[in-house]
Amino acid sequence: MTDTLKHSLLFAVVAVLILLEGLTNWSFFSGSWNSSLVILNMGLISAIMALGVNLQWGFAGLFNVGIMGFTALGGLAVVLTSTPPSPGAWSAGGPGVLMALVMGALTVISAVAATRLLPKGGLRTALIVAILIVGFVIYRALFDPSIEAIEDINPALAGNIGGLGWPVLLSWPMGGLLAAGAAWLIGKTALGLRSDYLAIATLGIAEIIIAILKNEDWLSRGVKNVVGLPRPVPYEVDLQNDPAYVDWFASLGMDPVLGSTLYVKLGYAALFSLVLIALLWMAQMALKSPWGRMMRAIRDNEVAAQAMGKNVTKRHLQIFVLGSAICGIAGAMMTTLDGQLTPGTYNPLRFTFLIWVMVIVGGSGNNFGSVLGGFLIWFLWIKVEPMSLELITLLTSGMDETNMLREHLLENAAHMRLFTMGLILLLVLRFSPRGLIPEK
Amino acid sequence: GSHAKEVKLGVLIGFTGPIESLTAAMAAGSEMAMDEVTKSGLLLDGATVTSVRADTGCIDNGLAVANGEKLIAEGVNGIVGGDCSGVTGAILQNVAIPNGMVMVSPSATSPGLSSMEDNGLFFRTSPSDAREGQVMAEMLQEKGVESIALTYTNNDYGKGLADAIKTSFEAVGGEVTIVAAHEDGKGDYSAEVASLASAGGDILVVAGYLDQGGLGIIQSSLDSGAFDTFGLPGGMIGDSLPKNVGSDLDGSYGQIAGSDSQGAEIFAEQAKALGFDGTSAYASESYDAAALILLAMQAANSTDPAEYGAKIMDVANAPGEVINPGELGKALELIAAGKDVDFQGATGVELIGPGESAGSYREILVKDGVNTTVKFR
Amino acid sequence: MDFLNALVAFTNFVGVPAIAYGSQLALGALGVTLIYSILRFSNFAHGDTMAFGTMMTILLTWLLQSWGVSFGPLPTALLALPFGIFATMVLVLVTDRTVYRFYRAQKAKPVVFVMVSLGVMFMMNGLVRFVIGPGDQRFADGERFIIKARAFKEMTGLREGLAIKTSQGITVVAAIVVVALLFWFLNKTRTGKSMRAYSDNEDLALLSGIDPDRVVMYTWLIVASLATIAGVLYGLDKSFKPFTYFQLLLPIFASAIVGGLGSPQGAIAGGFIIAFSEVTITYAWKKVLGYLMPEHLEPDGLVQLLSTDYKFAVSFAILIIVLLFKPTGLFKGKSV
Amino acid sequence: MIVVEDLHKHFGGFHAVDGASLEIAKGSITGLIGPNGAGKTTLFNVIAGVLSPTSGRVTMDGEDITGLPPHELFHKGLLRTFQIAHEFSSMTCRENLMMVPGAQSGESLWNTWFGRKRIADEERALRAKADEVLEFLTISHIADLRAGEVSGGQKKLLELGRTMMVDAKIVFLDEVGAGVNRTLLYTIADAIKRLNEERGYTFVVIEHDMEFIDRLCDPVICMAEGKKLAEGTLAEIKANEQVIEAYLGTGLKNKDKLEKA
Amino acid sequence: MSEPFLIGDSMTGGYGKGPDILHDCTIAVNPGEIAVIVGPNGAGKSTAMKAVFGMLNVRAGAVRLGGEDITSLSPQDRVIKGMGFVPQTSNIFTSMTVEENLEMGAFIRTDDITGTMEQVYDLFPILRDKRNQPAGELSGGQRQQVAVGRALMTQPKVLMLDEPTAGVSPIVMDELFDRIIEVARTGLPILMVEQNAKQALEIADKGYVLVQGRNAYTGTGQELLADPEVRKSFLGG
Ligand SMILES: Nc1ncnc2c1ncn2[C@@H]1O[C@H](COP(=O)(O)OP(=O)(O)OP(=O)(O)O)[C@@H](O)[C@H]1O
Ligand SMILES: Nc1ncnc2c1ncn2[C@@H]1O[C@H](COP(=O)(O)OP(=O)(O)OP(=O)(O)O)[C@@H](O)[C@H]1O
Ligand SMILES: [Mg+2]
Ligand SMILES: [Mg+2]
C-alpha cells in the first residue's frame, strides 16, 4: 500500500467516524447530525490550531506551550472588534487607559534604551530601577482611576470598554493580528531560549495573558464573561420564525428546529473549511519550498544554519509570529462559534496540551498529519466518554447488576474518560510513534 | 393524555475539571428528585424519569456544547445544568435556545446570562448575588462589624458576590479593607492570606466554595492566626466545613438561601440516607432544578419544553401550597387536581425576573462544630 | 519592639509558609529534574504520581488509624509513608515496563515522551479518582502545631503571633534530609555516577558496561520516593485533592526550569524562588510598614505591588526574567 | 585580507585564545597547526562570530567584523566548516547542499505562494549545482540519504561541500581531514588548490596531517597556548625547535618493539 | 591456523530494518596483535566494529570471542566479557569531568583503579591538568584522548578503537601509537579503524581493507603498505 493511499485512508476513516456520528446511534455514536456537525466544527478549529503549532514545532522546532494565550487573545479580539462600544465607557476612562498604556510602553522603552545605551555598571542599574519604579507609579496613577470609572458603568451587565462594533468576520483576521503582535513582543524577548525553557516561558506568558483577561474587567469583563457575541450566521430562532425557511426545510423533509440548527452549523462549517483550506494550502506551499528547507535546516542545527548565512533569529521570530497568528485566528473563530468570551475556561490542558497531542499523534512536520490529528483527537475527546461507558459495560457484562465494582465504575464514567483518553493516546503512539502521517 | 412513559432529563455538569469534587453530589441531588417522582408514579400517568449524565468539564465550551447536542440527540425533555457560567452560556446559546430546550442551572450565577434572549427557556435555582450581598451586609452590621477583609473565588459567582457584598456593606457604612481573589484548585494560599492579614479587618468574609479554595483560605488563616472569625456566604455553608476545620470555626457565621420550611434539613437527611452529602455546595439547588422541571411538566401536562417552560415560574412561586423536599408526590397530585403549588424545595426557591432566583435566607452560626440556623431573613 | 513585630508578622505570613511551600515544590521539582536529566523528558505525569503516592499513603493511614495506631505527636501518615513509596515504586516500574521502555528502544524524540507521559497522566488521573474519588481528603493527625500564634504572643508579649505547624516543620526537615541523601547518592556512589553517565551519553554508558535497565529502574525508584514524600508532605500541610495535585505540576515545572533542568541544586533553588515570589510580590506591606514607619508616615493604602489575582502571573514573570538572563536556568541546566 | 589583532577569548579563568595576532593574505592558503587545545578552533569560532571575543579586533579587508553574527559574515563571503560535523541530520545530503546559497527567492514566504515559477527555475539550477559538488566529492550515491545516517567521513565531506555551493571570499576549514580517507583527502586538497587558483578563494586550514598541509599551505602558522608560536613555510616550521617539541614530536619511540614482534 | 581470539566471521547486516551494509565481512584479531581496518569513507568500517560489539543486527555470520559464540550477547555483556570499545563519535561523557569519565571507564572493575588512572594521566598529561573540567569543554583532540583513556581504564581483554587518532596532533598521535604498541605487546589484542592509514599500517600486524562492506584486501600491515593498488586507492599514494 503506498503512503498516499494509506494517508488518504486515514482521512477517510475520520470522515466516516464523523459521518457515522450523524448516521447511526449504534454503540457510542449518537445518530444526530447536529452532534456530528458540532464535532466537525470544533474539529476544523482544532485542525487550524494544530496547523499553527505544527508550523512552529514541525517546521522550526520551536517548543511553544503558550498556545492557550494566543487562542485567548483571538477570543479577546472578537470582543474588541465586534461588540458595540459600551455607552459612556470611552468618555469615562478611555483616554486615561490609553495614556496609561502609552506611559507603560514609554517606561519599558526607556528602560530598554537605558540598558542599550549606557555603559554597564551600578549607575545604569540604579537608573533603570528608578525608571521602572517611577514609570510604574505614574502608570498605576493614570490607570487605576480610569479603569475604575469604566468598571463602574453597569458592572453586572457591562463594565467593560466594549468594542468597535465591526462585522464579526473581521474579528478573525483581527484575532490573528492581535496574537501576532503579542507573539512578536514575546519572540523578541524569549526566543533566545531553547527547548523546554522556551516551553515554560511561553507557558508562563500564556498564564499571564489569561490572568490579564480574567482580572482586567474593563477590557474583557473578566470572569463575568462576555455573552451574546454577534454571529456571522443567522440565529436559529430567526430561521424558525421565517416562513420562507420553514417551507424550505419542510421541502427537504426537516422540521424547522432540525433544519435551522443544521443550517447554522453548516454555515459555520463552510466558513471554517474555507479558512482551513486556505491556511493548509499556504502552509503546504511554504513547506515544500526553499523556505521550508531553510526552516528544517534551522530546526536540525541552528549553529550550522547560521554559519550558512541564515538569520536564525529573524526566521524564528517570523515563524513564531505566523504560527501564533494562526492560533489567534482559530481562537477568534472558536469564540465566535461559542458566541461568548469566557476567560475562565482557558486552561493549558485543554488549549495547549490537547493541541500538542493532535500535532504529535497526527505527525509533526507534516501539515496533513496535524490536520488529521486535529480531527481525530477532537473526535476522541468528545467521544471517549460514551466509549468508556461502552467499555465498562462490556468489561462488566459478566457481573451482577448490583455488583459494587460495576456500580462504582459506572458512577465514575466521566473520570474514565480521561483514563480512556490516555489509553487511546498511548495506543496510537505505540503503533506509530512518529505520528499517523509522519514527516517524510 | 397519551404521554410517553419515559421522561429523560439531562444532567449536564462538570464531572471532570475544577469543580469535579462537587458534581457527584449535585448529580445525586437531581437524580434524587427524579427517583422520587418516578417512585410516586404520579407524573403524567406514571411516567418514569431517567437521568442522562453528560460532562461539561466545567471549563470546556467545546466539550459542553458537543455533549449538549448529544443529550438532544438522546431525546431528553429537559436539562439540569450547566454548572460553571461559561459553559452554561455556551450551551444555552448553541444548544438549548436553538433546540428550544428548557435548561435549569443549579449553579450558574452570572448576571450576564439574565440579559440573554433566552425565549423563556433558561432558569436557575441559585440565588442572586445582589440579594445575598444585602443580607450579608445587614447581618454584619447587626453584629457590630466595622471592617471586613474580603476574598472571593475568581469566577463569576465569587466576583459577583464579592461586588455585591462590598457595595452593600459600604452602603451601610462598613469598611472593606481589601478585596482579594483566590483561585480554586490550587493548594497553597499563603500569598492570599498574607495580604488579607496585612490589610486586617474584624472578620474575613470568604466568598468561595467550602471544599475548594475557601476551605484552604480559612484553614490557612486560622493556622497563621490571621483571622479567627469568618463570614460565610452560601457557597461556604455545609456540614463538611465545620467538620474539616474543627472547633476553631465556632463563632463564624453566614447565610444560605432557604426558607423556614426546613427544606434544607429534610433534603440533607434524605441525602444522607442515600449516601451522599446533601450539604455539599449546589446539591440542593440541583434537586430543586430537577424537581422544578418535573413539576412544570405536570402543570403543563406535557413533556414538551415549549409547553412546560412557561409553567416553571408558576410552580416555583406563591400562591399555592408549600412543597418541601420529599413532597414531590404530593405536589404532583395537587397539580393534577388543578391546584397551585409553591415549590420551596431545599433552597426555598423563589424565581424573579428572567428566571432568576431570589428569596429568603437562613442565618447560620457555627456552634460546637455544627452549622445551626439562627433565624431567617 | 515595633521592629520585632514587623519581623514576626513578616515571618509568620511570608517566611514560614513560603519556606514550607518552597520545600514541597523543591521536592517535586527534584523528581521532575531527575527524570529530565536521566530519561530525558519532561514528565507530565509527575503531579499524578505524587497524587497516587499520597493516595496510597492515605489509605494505609486510615487503616492504621482504624487500628488505633498512632505516631505520638507526629502524623500517622509518616508511618504509612514507606508503604506509599513502595506502592508508587511498583506503579512507576510497571508503567515504565509497559509504556516508556518501548519508546526508549525506539529512541523516540523527547517530545514523543512528553506526549506519552501526558497519556500516562490521564490514566493515573483516572486511576486515582477512581479509587479515592475527586474530593478533598484530610489525613493529618497528631499535634497540629509546633507553636501556635496565640501561644507565641503570650510567650513573647508581642502584638504579632508566630505559628509553625508540625507539617511545616516536618516538611523542611524532610526536604533537607532527602536532598542531602540524594546529593550523596548521585555524586558519591557508583550507582549514582552511573546514572549521571547514562544521562549524559546513553550509548557510551552501554559501552562502559553500565546496565541501562538498572539505571532506569533506580531512577524510577528514586522518583517514586521523591514524588510520594513531596505529595504526602504537601497533603499533610494543606489537604489532598487529585485536581490540586495535577495543578501543582505548573509551579513544579517552573521551579525545575528556573533552577535549570537536570540540576538538583537548581530544583531546590527554583522551588524557593517560585514559592517566595508567589508570596512576596503580591504581599500587602501595609502591616509591616505600619510597624516600621513613624506614626504620621503610616501608609493608608495596602502598599501592594499587584493584587493576589496576579500571583501566578508574577511568579511566571519572574521565571521569564530569570531565563532571559540565564537561558538555561540558574544552575546551567540541560536542554535536549 | 583578515587581520586579527591581539585577540583574547577567556572561558572563566581559562585563556583559550590569549593574545593571538595574525594576518591572512588575500589569495593565500594559510595552514593553522598547533597542539590539541592550542585554541585554533576557538580562534575560528571567534572570527566566524560564533563566540564573542573577550577583547581584541578582527578586520576583513579593513572593515571591522568583530562580533558580527555568523549569518552576516556569510553574506560578506566568509564561510567555515566545523571540526565536529554539523550536518542537517533530517535532510537529505542534497538538501544539505541546496540550502546553502543565500538570497534564494524561495526563502521569502511571499514567493512560496505567488512566485512559484521563479522558485522552480532556481531550484533546478541549485540541484544541478549540488549534484555537481556531490559528484566531485565522490558521494553521489548518498545524495538522497538523510545526512544523519551517513558515515562520519561522509559528513565531513558534506561539510566541505557546503562551502563549494557559493562563491566565497574566504573559507575557514577546521580539520576537514580528520576521519577522511587519505586518497580522497588529497583529491580534496587538489580541489582546494583549484578553487584558490581559479576562483581566488582565500583559505585558512586547520589540519594535523602534515602531508596535507604540505600539499597546500603557504604560509603555515603554528599556535600554542592561545598565541602564535611561529609562522613561515612548512619547511621552516618543521625545523622550529619549539614546534617540534610542542607539536610535531620525533616519531615513534616504540619502533623497536615492532621489529621484535 | 587455529581460530583467532576475536573474530567477526562472515558478518552480514545493517542498521535497523535498513539495507545490508556489511556483506560477508570477516575481521579477526589475536592476542598481542594489532589489526587495522582501513577503507574509504562509508565503507562500513565503523559498522563492522559496531557489529563486532553487538550494536547492530548481524543477520548472517557470527562473532566469537575466545572460541565462544557471543553473537547474541548485548553490548554490556560483551563489556563484561572483557571487550573495550572507543566509538568514532560521541565517545565521551560531556557533562562529567575528565576524571569521572575515566572512572566510568572502569565501571565494571571492582579492584583499585588509581594505578590505571595514573598510567592514563602519564600517557596524556594534559588530562591531568584538566581532570576536574567537564569533558565537553575540551578541544577536539583532548576529547579523543579522554575517549582512549576511558577505554584503557577498563583493562579490557580486547580493545577496539574507531579512529582514535582523528584530530589529534602528530606528537600525541605518535604517543598514542606508542602506547598502543606497548599495550599490544602485553598480549592484548587491538582492533582499530584508522584513516591515518600509513602510520597505522606501519605498526599493524594485520590489515584489512574494506570496500562497500566487503573485505577487499587482507594482509600484514607491510604487505598492504607495499601493494601499489592499495596505496593509490586508499592510502593517499
Ligand atoms: N566552552 C569552553 N569552556 C571552557 N574551556 C573551553 C571551552 N571551549 C574550549 N575550551 C578550552 O580551550 C582550549 C582550546 O580549545 P580549542 O578547541 O580551540 O583547541 P584546538 O586548538 O582547536 O584543539 P584541537 O586541535 O584538539 O581541535 C582547550 O584547552 C579547551 O579545553
Ligand atoms: N545510523 C545509521 N543508520 C543507517 N545507515 C547508516 C548509519 N550509520 C552509517 N550508515 C551507513 O552505513 C554505511 C557505512 O557507514 P560506516 O559508518 O560504517 O562507514 P565508515 O567506513 O566507518 O566510514 P568513515 O570512514 O567515513 O567513518 C554508510 O554508507 C552510511 O550511509
Ligand atoms: Mg579544534
Ligand atoms: Mg567510521
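The basis for the numbers below is simple: all heavy atoms, side chains too, and nothing from hydrogens, waters or symmetry mates. In the text below, chain A, chain B and the rest are named by the order of the sequence lines, each starting its count at 1.
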* How far apart are the C-alpha atoms of A:Ser32 and B:Ile72, what are their side-chain angles, what is the distance that settles it, and do they pass the side-chain contact (heavy atoms from CB on, under 4.5 Å) test? -> CA-CA 8 Å; A:Ser32 147; B:Ile72 301 285; over 6 Å; no
* Verdict with reasoning, A:Asp217 to B:Lys159, per side-chain contact (heavy atoms from CB on, under 4.5 Å) -> CA-CA 11 Å; A:Asp217 291 12; B:Lys159 175 92 184 163; 2.8 Å; yes
* Could you go through the side-chain contact (heavy atoms from CB on, under 4.5 Å) check for B:Glu183 and A:Lys214 one step at a time? => CA-CA 11 Å; B:Glu183 295 283 338; A:Lys214 270 172 95 170; 2.9 Å; yes
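Of the listed residues (B:Leu92, B:Ile97, B:Asn155, B:Asn119), the greatest number of heavy-atom pairs within a distance under 4.5 Å of chain A belongs to B:Asn155. Contact count against chain B (heavy-atom pairs under 4.5 Å) is highest for A:Val257 among A:Val257, A:Val226, A:Leu239, A:Leu258. Between chain B and the residues A:Asn25, A:Leu37, A:Leu337, A:Asn34, the largest count of heavy-atom pairs under 4.5 Å involves A:Asn34. Highest contact tally toward chain B, considering only A:Lys265, A:Met42, A:Met334, is held by A:Lys265 [criterion: heavy-atom pairs under 4.5 Å].
We find the OG-CG distance between A:Ser30 and B:Leu71 to be 10.0 Å, quoted to the nearest 0.5 Å. Going from atom CG of B:Asp60 over to atom CG of A:Asn347 covers 7.5 Å, rounded to the nearest 0.5 Å. B:Asn61 contributes atom CG, which lies 5.5 Å from atom CD of A:Gln340 (distance to the nearest 0.5 angstrom). Here the straight-line distance linking atom CG of B:Asp163 with atom NZ of A:Lys224 works out to 5.5 Å at 0.5 Å rounding.
For A:Val38, the part lying near chain B is the side chain, with the backbone staying farther off; criterion is any non-hydrogen pair under 4.5 Å. At a 4.5 Å heavy-atom cutoff, B:Glu74 makes no contact with chain A through either its backbone or its side chain. Looking at B:Asn67, the atoms closer than 4.5 Å to chain A (heavy atoms on both sides) all sit in the side chain, from C-beta outward. Contacts between A:Glu21 and chain B at a heavy-atom distance below 4.5 Å are absent for every atom of the residue. When heavy atoms are compared at a cutoff of 4.5 Å, B:Ala54 approaches chain A solely by way of its backbone atoms N, CA, C and O.
At distances below 3.5 Å, not a single donor-acceptor pair connects side-chain atoms of A:Asp338 with backbone N or O atoms of B:Ala90. Side-chain N or O atoms of A:Gln240 include one that pairs as donor or acceptor with a backbone N or O of B:Pro98 at under 3.5 Å.
More than 12 heavy atoms of other residues, nucleotides or ligands shown are found within 6.0 angstrom of NZ on B:Lys186.
Residues A:Arg231 and B:Asn94 share a closest heavy-atom pair of NH2-OD1, 3.6 Å. The minimum heavy-atom distance linking A:Leu229 with B:Gln93 is given by the pair N-OE1, 4.3 Å.
Residues of residues 378-388 of chain A that come within less than 4.5 angstrom of chain B, heavy atom to heavy atom, are A:Trp378, A:Trp381, A:Ile382, A:Glu385 in numerical order.
Contacts of A:Thr345 classified as side chain to side chain donor-acceptor pair (under 3.5 Å), with partners at least two apart in sequence or in another chain: A:Thr342.
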